[in-house]
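Notes for the one structure printed next.
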Amino acid sequence: MKRLPPISGEWIDRHQPVSFTFEGETIPGYQGDTVSSALWAAGRRVLGRSFKYHRPRGILSLANHDVNTLMQDGPKLNLRADVVPVEPGMDLMAIHTFGGVQGDRATVLDRLSRFLPVGFYYKAFLGKNQFPFWERVIRSITGLGAVDTTTPRLRTPKRYDFCDVLVIGSGVSGLTAAIAAAEAGADVVVVDENARAGGSGHYQRGDDGERSRQTAALVAQVQQHPRIRLYTDTTAAGYYADHWVPLVHRDYIAKMRARAVIVAAGAYEQPAVFRNNDLPGVMLASAAQRLIYRYAVQPMERAVVLTANSDGYRAALDLAAQGVTVVAVVEMRSQPVVTDPVRAVRDRGIQILSQSCLYEARPNPGGDGVASVVVCPLDADDQPQTGFTQTLACDGVVMSVGWAPTANLLYQAGVTMRFDETVQQFVPDRLPAGILACGRVNGVYDWEEKQRDGQRAGLAAAHRLGLVDTAPSLERAIAPECPSHPYPMMAHPKGKNFVDFDEDLHYEDFIHAVQEGFDNIELLKRYTTVGMGPSQGKHSNMNALRILAHLRQLPPDAIGTTTARPMFHPVPMAHLAGRGFMPERRSPLHNRHAQQGAVWMPAGQWQRPAYYHQPGLTRQACIQQEVMAVRTRVGLIDVGTLGKLELRGPDAMAFLERIYTGKFSKMKVGSSRYALMVDESGVVIDDGVVARLAADHVYFTTTTSGSARIYRELSRLITMWQMDCGIVNLTGARAAVNLAGPRSLSLLQPLTNVDLSPEAFPYLAVRQGAIAGIPALLMRVGFVGEWGYELHVPADQGQALWDALITAGKHLGIRPFGVEAQRLLRLEKGHVIVGQDTDGLTTPYDANLGWAVKMDKPFFVGQRSLQILKQRSPKQLLAGFTLPERFQGNPPQECHLVIHKGDIAGRVTSIGYSSSLKRYVGLAYLQPELTAIGTEITIRLTDGSMVTATVAPTPFYDPDNHRQATVSREEAFV
Amino acid sequence: MKLMTCPINGQRPISEFFYGGELRPMPDPATADDATWADYIFNQNNVPGLKQEWWCHTPSNTWFIAERHTLTDEIQRTYLYGSQVLEEVSP
Amino acid sequence: MMRASPVQDCLSSSATRRDINGMSTVWSTPEDLQGDTLGLCDRSCLTRWGVKGAGAAAWLTALGLPVPQHPNQWCALPEDGLIARLGTTEFLIEDGWEGAIAPQLAQQMANLPSKVYPVLRQDLAIALTGCAVPDLLRQTCSVNFQALDLTEQPVILTSMIGVSVVVIPGDRAGRPFYRIWCDGTFGVYLWQTLVTIAQDLGGGPIGAAYLYDLELGR
Amino acid sequence: MPLRLLKFGLSQTYPEPRMFRQPDRLKSHYDVVIIGGGGHGLAAAYYLAKDHGMTNVAVIEKGYLGGGNTGRNTTIIRSNYLTPEGVKFYDQSVTLWQDLAEDFNLNLFYSTRGHFTLAHTDSALRTMRWRAEVNKHFGVASELVGPQEIQDACPEMDLHCGGHLPVLGALYHAPGSIARHDAVAWGYGRGADQRGVEIHQQTEVTGITVKSGRVTGVQTNRGNISTNKVLCAVAGSTPRLLDMVGLRSPLYVHPLQAMVSEPMKAWLDAIIVSGSLHVYVSQTARGELVMGASLDPYELHSTRSTFDFVEGLCTHMLDLFPFLSHVKIVRQWAGMADMTPDFAPIMGKTPIDGFYLDSGWGTWGFKATPVCGKTMAATVASDRPHELIREFSLDRFERYDLVGEKGAASVGH
């Protein structure tokens, strides 16, 4: 193993050495190396340990599916050494070892493998009492890398991107397609997961510089083309509806919206299956060629090449050209097509063992590399003639027996694939509009033919966009040779002939799984876990499918493939999350609350003051003080989060009649009314206040959580019913406060030109005027049970209003109050909060809101259902209750249950301590027979203890509404 | 992400839209018996197929009808309510 | 009159301020030159009105205003104001820095004919300027602004980082110039998020003077 | 080493028989035809044979065993429901679950982890208390816990959630568990097969014959069957089968998506659910994080994936667990959830004699698999609804007599 002399087109920069540590040892490398290439150059062969048996593993693909060589670098886990570039200061450990790659103490599992066949874990450790122990054992040995729970959150940007044609893969066919589409006028983006463009044209040379020169020329043409953007180091993570493809770069995600997508993603080289095919030093031919031409690393010194196509001969030539002794080319085919590379290998005098296979590789004494291989001739039925083996000494094996299409995104795009016997591969059959494929993924392997295929795909994409008039024919030429062996697998009595390297599944595991009845490709996958490891079957699914087809004696087409789900390669959660946008709304009065010490509570997208913190006071004390300020003086609450809607037009009142349960047509201009909304099934969904400002003009509120939803639904109903009125959502455009308390009148009158005298402005009246010079809507409301005004002003003047009221109210003892105090105040009045005292199935009758339902009108949403529901005896009714005046101990809490005769008989929905009434008051759903006033009910607390309460009439406070009828002389003129 | 075309605002990702359910005629509440009404309230035409649905482009609060196949998610066309002959609505 | 911008608490305290239409507005900051790269400017102080309804277009025409012919299109008003048609039947009218039609329209709004309804506008109104505006938009909004034909004076109603916005794309002095309006209660979130991204891109908040010069071509 | 494993190492040939046979053809008559070879259908077949001695039973599956929602869900098992009927039903299920592996002689990786449903708002806290109180009433271990107890159980979690929606408390349900979903289908399938039930995979029902209000037969792409009892257990395909017998239902079908991370060393024992953040997550024995969110927002009878699902779920996962920034998502997938208006299943008899329905499983079908199989088997065998499922009948809707599970809607899954 050594670094080769400079090679034309190598990716490493020899002027920029980069060193890092691997398991404590300093490893030299160059800028442009990957971790695996640097380690290989440094002579390291064991780069990781396998998942199940902890076998030593080295380089397999060097193409982002060497998942047995995952590394940990501090907080970064499961780094793929085969593709992660080296960086100075990296401090790498192989994951999943007990004591490092060399001294892994878990290698004992390899010797126990015969006791651990496929699915063994379903058949053992299953005792109810034993499993928890075994699960702990299992969890301690599984799991790959470790998370560092102190890692801070990363926020990587995401962005949207757009193009006409997205080409995935920058091999020769992708490059040609991109040029063809761009020449026709399309705006083209080419992505490739590799650090540089060019694909296999760069490294599958066969010791012939011509292909790499042609490739370099295509790359240069693409780079210089004004209509092509080339994104390297970028993975197309998946295909989603309407040509939506997230492109993952190490620093960001770009969500690409294309008008057409050309998949030129190539093919994954597939391993041959023979005993010990996982030893370090056994690698795919493309991996060896990548090592040479990208990183100038000699893959091995003495190689045996196992092949079933011309690519293997090219690899043999590439190895030989770099001074590797090619011991033999083992040719699996009985009648190989004699191509130029075959001739060149012959001419070089390299031994070719025809119609033979590798029966097994044998480990060196250390068990960490290859010492020799056992070659075995094949009979006419491709069966190994084990009586005629020969052993060849070597330190490496190169496998070139076939390919599987990189069709993941094609499957996701809904492409139907068919198995093409002539190329022994699934190829696209029916492609949805705007999806194209070219090159190896399309079953085209010949060099010139790949360029023609790319040209065809590029023009077809341009045609789809209307840039060229005629559509090119998409017929593929007949392949000169089959690139893939139909069954490159050798059974072996001692096993360890691996099919899936992620999951350590050997050949026999599949036979056993099928024997147990898992003979459908999906069941086989789920039982064996083939393809479920981090590489998602890129090197294993096709061989598993071939085994199943072989065992069931069916063609691969009849077996079908498993679904290829996104992600193409695993994507970090930070990338997917991006910056993490979470929209938040702020009341125009937000900073006023903050200045007053608001303690916030979330309310949908809003933050509302729960209460205002007073130094030295508890939460409860603060809330009680706020309540008493309203009851005895004056309080101010921000109610701007309520939905605020305006409706105008000749049909405005008729529309209200249809959406609310109440009656509004005869409401006087200048008055307001409670309004209740139910859905079509009669369930309470919202409430608010309707204010009539003119004959054809109303202003009304919705709950905070309902505002967007209700506005949207009312807009739909206006559209559907074709009513002549217009609705405007003023929720964000208006600030609103409720000024409440016996001194509210005397506070407000000096600030406004509206006559607030009880005669001129009675309870539930509505007026428009100015407050402190601010145009305002004033409503006399009583939600909290005191004389008060809801004031609505333009949002940009909300703070001015607030400041004016606070200033004017200083000498009256004004106090801002929060949601908690408001809840208590309204509870004293027995007012229902939709969403707290109702749930997803509550009808108005259940919630004692029948009074707000007027059935004697022609129609409203939910009316017909309420007619049905009204006939039924309700299961539960909302009722008030109180605790004794001097109640000691823990009070019930909301949602504690009412227990009657040992059964659940109800539930508390609201409860609070009323300072005014000197007792706890609450609302609860109760079985109807428990709702008579004076009935004693039993509420069970969290600890199981019982509290007795008494059913009481509501409102608890000021039942006759005296507080709204008169304002005492003393309070009015403080 | 799936694209949908608002008849007013044009093609946008479907995250800009709100699904308002299938467009279906309401029986006359004055004449429908309880069973017919309950059937209307709760039961759906839930066999997958081409459906006429309410959708709203939320940034502009534009309601419209989309004809969408609920098996394939293919949107065949979109139009403002009332701009097409309503007899096409299958009961 | 004391108006407050939806983002008044986010604005630089070291900036020079001016009272514009009753609203304290950041007039200039020491960092105004970053507007060449990417500047965000709060222009909520400008006077604006909204009307909607089937009769709105005819009413505006009768007032002698140029009414955009197509949905989601805008026209310039004298003195750098604008009138934007939002969908088919809703209009947003905004004065320029020097004001122009405010007195005239304020009078008319009190007296609307049938099928014309006023819409109270209390937006956060911002402008984005500078060569990096497309980068910021690509991180925040799924609309492909580069593909729009600006000569058609398009108005875009879309969602930006989860907030409904009205966007008028454009350019001034050869650089992107985008005007954006959203519900003021989302203003702090939108502003702070855009500022964070803008700062990553080498920009940040700028004062109104920068826009004043840009919009009035001085 | 368990003795069981020694057998594999010491045997000359692989000692395991087929788990389920593959009958060549359909018989012309079965006493019961079960449509749907997922966990529910196979469980019903298993209990029909085991509890009721009915073995002339065919399970007809259009795809492969457990290939629907059984193999696509996030495997959470719990009984902390809101209504008495819900709690009793799921509690019975949990009881059955605990012995299932031994009954099957198949390891289901049934792992009791404890289940936290986080509350980020005071209204969610109220709902948690409601559920806890109802649960305790029926002997189900649930309690409302505060931030400190959550932090003790899962010290890694950021209870501030990045400042957006701080965690105020949680409903803690100690019996909350996860299991290996595929194995459940195989266990029931093997058990049913061993007792004589026929399982026909890759067999699609094309029609159901109803004469005078009675089921008389089933047509499939592999031939016709005469039978007087049909159990429909096909989740997202239910509307299509109901259409064959002329029934309407309140079901609506939306995709439900999920995703899984690369494996990592064990760090998360508990199952964490946040309704407000639309997150649920657990860590498998292999070390993967299995995560889900909420239903897709519109009707679709498809298992396609969307990218915005992954984006949104990762955002919220990092709100709770910021240190997962470097952890990678390997795969996403989807199932079709058949939802009901009251978030409770539709089970039992229908207006068609001999046509039994097991549907409306929304996002909670996996956890009900054993009890569902048991009660549906009893219902089919006796033609009387089992007492545990009476409240879940189809006709509750026409009576406006819905199940109150929707009260807990904000905290589903």
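Here the structure is a predicted model, which is why all the values come from computation and not from measurement.
- Contacts of B/Asp28 with chain A are absent, with no heavy-atom separation under 4.5 Å from either backbone or side chain.
- Interface check for chain A: of the options B/Thr62, B/Asp73, B/Ile14, B/Asp34, the most heavy-atom pairs under 4.5 Å are formed by B/Asp34.
- Proximity to chain A involves both the backbone and the side chain of B/Leu3, based on heavy atoms less than 4.5 angstrom apart.
- Closest of all the heavy-atom pairs between A/Ala236 and A/Phe568 is O-CB, 3.4 Å.
- Using modelled atom types and a 3.5 Å distance limit, the side chains of B/Tyr79 and B/Gln52 yield a donor-acceptor pair.
- Between A/Trp721 and A/Phe859, the ring planes are perpendicular. Angles over 60° get that label, and only those under 30° would be called parallel.
- Ranked by heavy-atom pairs under 4.5 Å with chain B, the list A/Glu680, A/Met720, A/Gln867, A/Arg712 is led by A/Arg712.
- The nearest pair of heavy atoms linking B/Ser15 to B/Met1 is OG-SD, 3.4 Å.
- Neither the backbone nor the side chain of A/Gln863 comes within contact range of chain B, judged by heavy atoms closer than 4.5 Å.
- Side-chain contact between A/Val189 and A/Asp164: absent, with no pair of heavy atoms (C-beta onward) separated by less than 4.5 Å.
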